[in-house]
Novice: 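First the structure, then my questions, so here it is.
Letters A, B, ... are given to chains in the order of the sequence lines, protein chains preceding strands, and every chain is numbered from 1.
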Number of protein chains: 2
Amino acid sequence: MRKSQQRTAIFEELGKLKSHPRGDELYDIVRQRLPRISLGTVYRNLELLRQRGMVLELPCGDFNRYDGKISPHHHFLCRQCRRLWDFNPDIAPGESKPIKNTADFQIESQFTVFYGLCRQCLAKT
Amino acid sequence: MRKSQQRTAIFEELGKLKSHPRGDELYDIVRQRLPRISLGTVYRNLELLRQRGMVLELPCGDFNRYDGKISPHHHFLCRQCRRLWDFNPDIAPGESKPIKNTADFQIESQFTVFYGLCRQCLAKT
DNA sequence: TTTGATGCAAAGTATTTGCAATCGG
DNA sequence: CCGATTGCAAATACTTTGCATCAAA
């Protein structure tokens, strides 16, 4: 994989974010740094970086959102506003339990999504 | 909410599935029962049923896939073929641990996604 | 010089929406 | 009858792709 300004910018800008953007959302951000970058380049590079394990697709069935943090962490999803946050409860469930393979599935990792209401949406109720 | 043939069919067909379809995928299935149903009707009803809590969006940040099962269960996601399966390991991690709220988040439930390779994709390696 | 990477634009896929017609209570 | 719901089609949103050009090694 060659170096390119574009790929570097995509990787670095994603790493700075706490949100989990789609390709087009990251495009808007990276464009502030490289105004002439194209949307296709962003999508192509995200897929490339994903294959190399340099960024994570959200490992929850949503293949179109990316996470620049490789280290394990959990997420909180607000059912009202649907924002997704990084979230590390004091007790991370499951982490202490052994991962068990079955005949059908070879498990490499596991991720927990907490689901409920964020503070703002709670206040509106 | 009034009754309609269409809504009933959408709800019932989704309930029969073990997969977690998008709107257009469910449309193909429901159409075998109601050939004249329209795609827009399927999307509109899924959103309606979701708001009433009658179906679940996949509580993992993927708002475009639906699950007809309300009772808690886990999922396995194959990183290669990207199929998503219902999955209940013998030890469901986290279930025995208390759910703890924080100042920012009111947690209503939690879901674990196991991530790795399914049997078929493993065989190809 | 060679080939991977890019910009651009067109095509493809998934979802939402406006509106007149229809159906259920 | 009245308003919720529908079918249809057009519009929107997001992603992928073909191709000529550019740039890294």
Side-chain angles (χ1 to χ4, degrees), chain A residues 1-14 17 19-52 54-68 79-84, chain B residues 1-14 17 19-52 54-68 79-84:
Chain A
M1 192 160 66
R2 285 186 188 168
K3 275 186 195 172
S4 82
Q5 274 196 310
Q6 290 87 340
R7 183 148 48 232
T8 303
I10 289 164
F11 180 66
E12 289 180 357
E13 294 305 314
L14 179 60
L17 297 175
S19 63
H20 305 90
R22 295 185 307 263
D24 64 312
E25 293 168 334
L26 187 57
Y27 168 66
D28 286 336
I29 291 164
V30 173
R31 209 159 29 149
Q32 296 168 17
R33 173 166 160 184
L34 293 181
R36 297 199 33 83
I37 199 172
S38 78
L39 184 55
T41 295
V42 174
Y43 277 104
R44 274 183 294 231
N45 274 296
L46 282 172
E47 175 56 17
L48 255 173
L49 292 168
R50 186 190 71 79
Q51 286 169 9
R52 315 275 163 135
M54 296 175 67
V55 307
L56 293 180
E57 68 193 353
L58 275 197
C60 301
D62 190 344
F63 308 128
N64 297 319
R65 290 186 174 272
Y66 295 90
D67 193 331
R79 70 167 155 80
Q80 190 96 63
C81 66
R82 293 180 153 176
R83 277 180 296 182
L84 187 68
Chain B
M1 191 161 64
R2 285 187 187 167
K3 274 185 194 171
S4 81
Q5 273 196 311
Q6 289 88 340
R7 183 148 48 231
T8 302
I10 289 165
F11 180 67
E12 288 181 357
E13 295 305 314
L14 179 60
L17 297 176
S19 62
H20 304 90
R22 295 186 308 264
D24 63 313
E25 293 167 334
L26 187 57
Y27 168 66
D28 286 336
I29 292 164
V30 174
R31 210 159 29 149
Q32 296 168 15
R33 174 166 159 184
L34 292 181
R36 296 201 32 83
I37 198 173
S38 78
L39 184 55
T41 296
V42 174
Y43 277 104
R44 273 183 295 232
N45 275 295
L46 283 172
E47 175 57 16
L48 256 173
L49 293 168
R50 186 190 72 77
Q51 286 170 9
R52 315 274 164 135
M54 295 175 68
V55 307
L56 293 180
E57 68 193 353
L58 275 198
C60 301
D62 190 344
F63 309 130
N64 298 320
R65 291 186 173 272
Y66 295 90
D67 193 331
R79 69 165 156 82
Q80 189 97 62
C81 67
R82 294 179 152 174
R83 278 180 296 181
L84 187 69

Novice: Nearest 0.5 angstrom please: B/Leu46 CG to B/Thr41 OG1, how far?
Specialist: 11.0 Å

Novice: Starting from P on C/dA14, measure out to OH on B/Tyr66 and report it in whole angstrom.
Specialist: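 B/Tyr66 atom OH is separated from C/dA14 atom P by 14 Å.
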
Novice: Can you tell me how far apart NE2 (B/His20) and CG (B/Leu14) are? Round to the nearest 0.5 Å.
Specialist: 8.5 Å

Novice: What residues form a side-chain hydrogen bond (donor to acceptor under 3.5 Å, both in side chains) with A/Thr8, not counting sequence neighbours?
Specialist: none

Novice: Check the distance between C/dT13's C1' and B/Asp24's CG and give it to me in whole angstrom.
Specialist: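 For the pair B/Asp24 CG and C/dT13 C1', the rounded distance is 8 Å.
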
Novice: Output a table of nitrogen or oxygen pairs between the protein and nucleotides 21-25 of chain C separated by less than 3.5 Å.
Specialist:
from	atom 1	to	atom 2	distance (Å)
C/dG24	N2	B/Arg2	NH2	2.6
C/dG24	N3	B/Arg2	NH1	3.4

Novice: Using whole Å, report how far OH of A/Tyr27 lies from P of C/dA9.
Specialist: 11 Å

Novice: Excluding sequence neighbours, so at least two apart, what forms side-chain hydrogen bond (donor to acceptor under 3.5 Å, both in side chains) with A/Arg7?
Specialist: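 Listed in chain order: A/Asn45.
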
Novice: For A/Tyr27, what residues pass the side-chain contact (heavy atoms from CB on, under 4.5 Å) criterion, not counting sequence neighbours?
Specialist: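 Partners of A/Tyr27 by the side-chain contact (heavy atoms from CB on, under 4.5 Å) criterion, ordered by chain and then number, come out as A/Arg31, A/Ile37, A/Leu39, A/Val42.
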
Novice: Need the bend value for the helix from C/dT1-D/dA25 to C/dG25-D/dC1: angle between end axes, 5 pairs each end, nearest 10°.
Specialist: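 That helix has its two terminal axes inclined by roughly 40°.
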
Novice: So which atom in A/Tyr43 and which in A/Asp24 form the shortest heavy-atom distance, rounded to 0.1 Å?
Specialist: OH-N, 3.3 Å

Novice: How long is the gap from CD on A/Gln6 to CZ on A/Arg44, to the nearest 0.5 Å?
Specialist: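 Rounded to the nearest 0.5 Å, the CD-CZ separation comes out at 10.0 Å.
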
Novice: To the nearest 0.5 Å, how far apart are CG in A/Leu17 and CD1 in A/Ile29?
Specialist: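 Rounded to the nearest 0.5 Å, the CG-CD1 separation comes to 4.5 Å.
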
Novice: Measuring only between side-chain heavy atoms, which start at C-beta, is A/Phe11 closer than 4.5 Å to A/Leu49?
Specialist: yes

Novice: Between CG of B/Leu48 and CD of B/Gln51, what distance do you get to the nearest 0.5 Å?
Specialist: 6.0 Å

Novice: What is the separation between atom CD on A/Glu47 and atom P on C/dT6, rounded to the nearest whole Å?
Specialist: 14 Å

Novice: Looking at residues 29-37 of chain A, who's got a heavy atom less than 4.0 Å off DNA chain D?
Specialist: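 Contacting residues: none.
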
Novice: Run the salt bridge (charged side-chain N to carboxylate O under 4.0 Å, His left out) test against B/Glu47 and tell me which residues pass, sequence neighbours left out.
Specialist: B/Arg50

Novice: Can you tell me the distance, in whole Å, between the CZ atom of A/Phe11 and the C1' atom of C/dA5?
Specialist: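 To the nearest whole Å, that distance equals 18 Å.
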
Novice: Protein-nucleotides 17-19 of chain C N/O pairs closer than 3.5 Å?
Specialist:
from	atom 1	to	atom 2	distance (Å)
C/dG18	O6	B/Arg44	NH1	3.3

Novice: Between which nucleotides of DNA chain D, read 5' to 3', does contact with chain A run, using atoms under 4.0 Å from its heavy atoms?
Specialist: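 The contacted stretch runs from D/dC14 to D/dA25.
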
Novice: Within this structure, what is the CD-to-C1' distance between A/Gln6 and C/dG4, rounded to whole angstrom?
Specialist: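 It is 12 Å, rounded to the nearest whole Å.
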
Novice: Tell me which pairs pass salt bridge (Lys or Arg N to Asp or Glu O under 4.0 Å) where either residue lies in residues 33-42 of chain B, with sequence neighbours left out.
Specialist: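 Output for this query lists B/Glu12-B/Arg33, B/Glu13-B/Arg33.
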
Novice: Mind checking side-chain hydrogen bond (donor to acceptor under 3.5 Å, both in side chains) for A/Ser19 and listing every partner two or more places apart, or none if nothing turns up?
Specialist: none

